[in-house]
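Numbered from 1 within each chain, the chains take letters A, B, ... in sequence-line order. Quantities reported herein were computed from a predicted structural model and do not represent experimental measurements.
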2 protein chains.
Amino acid sequence: MPRQKETIAITTPHVAGAEDIGEIRNIVGFHIRLAHGAVYRHFTETFAHLDLTQKQVSALWLVADHPDIAQIGVAQRMRMDRATTMAIVNRLEAKGYLVRRKSRSDGRKQALNLTDPGRRALAAAKRAIQQHEQWLKSRFTEQEVARLIELLARIHE
Amino acid sequence: MPRQKETIAITTPHVAGAEDIGEIRNIVGFHIRLAHGAVYRHFTETFAHLDLTQKQVSALWLVADHPDIAQIGVAQRMRMDRATTMAIVNRLEAKGYLVRRKSRSDGRKQALNLTDPGRRALAAAKRAIQQHEQWLKSRFTEQEVARLIELLARIHE
DNA sequence: GGTCTTTGTAAGTTATACTAACAATCTTAT
DNA sequence: ATAAGATTGTTAGTATAACTTACAAAGACC
């Protein structure tokens, strides 16, 4: 994770000339990538003091919402493969935020559950996310937010 | 902030505190990340035979649109820092798709330009992007595409 | 039982993004 | 004009993430 102190804002500020991107601006994928990058950077700043990445928070949140979930369940909900999920669960386990234990219903699976520190970390993360979402939503009306979510969902569903 | 809970309707069964910001699916950032992941994955499949990533294509395209552009120019337009831009330009140079040469107007800068193989690679990439964009746009009307681009631009601009 | 599938794990590769430090060059203030 | 400061490219090092391949253990199905 890009650890950082709280010095400066975004490393590549929007300066004159940045909007001159030519015909590439008509490519939807290009805008999704730029928007994702902007959100990612702001997220990282907002979460610098919590030592958690987007993926880690999402995984933590999913485990909280679905006690005893298996890694494959997290992977499916986050559209990741098993190996990537492993890496993220490993990091969360190393931080002491969740525990693996063999599932009783299916010996192949590991049931994931939050620890108390994990619950506290998630609570703090949710407060930070509120800030982050506020930053993100501040440029839209409520109706536009709903519309944006609906359009994005059509891409990933 | 009057009446806003309606759009974030779905109730969380377990915890209902003042700090509870609802289910993860109501978080805009989560949808942007999932949509970006879906687009990234499809892009990678579409481009498997071309040995080019999203970033590399974008950089190639920008250099084609702006001959003699400096690395810092590419960085600003793609919202990347100088070090990340270096890595991408290095890869494109290693593939023989572009050349660096000292800028005459500013000795600190490197003027970037495509080679002939670079131009051919970009032409092929643009054809693949048409396919990719078709896949992406197929779930929207033209009007929705325009709306989506407009909303996304508000995030990264 | 035997075979196929699913799940977790491990190892290794690639791409991206960031920091910090440095040299060369340009810009600006005195 | 020169000193001080800012910009640009570069290198080195770190962290995350996504992927592949391979393997073992357990479940599903015939």
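By the 4.0 Å N-to-carboxylate-O rule, A:Arg154 lies close enough to A:Glu150 to be salt-bridged with it.
Checking D:dA17, C:dT16, C:dG8 against every side-chain atom of A:Thr53, the shortest atom distance belongs to D:dA17. Listed candidates were C:dA15, D:dA18, C:dT19. Nearest to the side chain of B:Gln56 is C:dA15. Ranking C:dG8, C:dC18, C:dT16 by closeness to the B:Lys55 side chain, first place goes to C:dT16. For B:Lys109, counting side-chain heavy atoms from C-beta on, the closest listed nucleotide (D:dG9, D:dA17, C:dG8) is D:dG9. The side chain of B:Gln71 sits closest to D:dG9 out of D:dA17, D:dG9, C:dA17.
Counting any heavy atom pair closer than 4.0 Å across all strands shown, B:Ala70 reaches sugar-phosphate atoms only and no base atom. Across all strands shown, B:Arg41 has heavy atoms under 4.0 Å from sugar-phosphate atoms exclusively, and none from any base. Across all strands shown, A:Ala87 has no heavy atoms under 4.0 Å from either base or sugar-phosphate atoms. If you check every strand for non-hydrogen atoms under 4.0 Å, A:Thr84 touches a base.
Between B:Trp135 and B:His42, the ring-plane angle classifies as parallel under the 30° and 60° cut-offs.
Between A:Thr53 and A:Phe47, the closest side-chain pair of non-hydrogen atoms is not below 4.5 Å. The shortest side-chain heavy-atom distance between B:Arg25 and B:His31 falls under the 4.5 Å cut-off.
Side chain of B:Arg79 to main chain of B:Arg77: a donor-acceptor pair is present (N/O by atom type, distance under 3.5 Å, no hydrogens or angles).
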Apply side-chain hydrogen bond (donor to acceptor under 3.5 Å, both in side chains) to residues B:Ser103 and B:Asp106 and explain how you reach the verdict. CA-CA 5 Å; B:Ser103 165; B:Asp106 188 333; over 6 Å; no
Under the criterion salt bridge (Lys or Arg N to Asp or Glu O under 4.0 Å), I'd like the reasoning laid out for B:Glu144 against B:Arg139: C-alpha separation, chi angles, the key distance, then a yes or no. CA-CA 9 Å; B:Glu144 285 171 334; B:Arg139 64 207 79 200; over 6 Å; no
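A close approach under 4.0 Å does occur between a side-chain nitrogen or oxygen of A:Arg91 and OP1 or OP2 of D:dA17. Between B:Gln110 and D:dT10 there is a side-chain polar atom (N or O) within less than 4.0 angstrom of OP1 or OP2.
Summarising the geometry, the separation between CD on B:Gln54 and C1' on C:dT16 is reported as 11 Å, rounded to the nearest angstrom.
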Using the 3.5 Å cut-off, write out each protein N or O paired with an N or O of nucleotides 25-29 of chain C and the distance between them.
residue : atom : partner  : partner atom : Å
C:dT25  : O3'  : B:Gly107 : N            : 3.4
C:dC26  : OP1  : B:Gly107 : N            : 2.7
C:dC26  : O4'  : B:Arg108 : NE           : 3.4

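For the pair B:Asn90 and A:Arg82, nearest-nucleotide mapping onto DNA chain D gives the more 5' position to B:Asn90.
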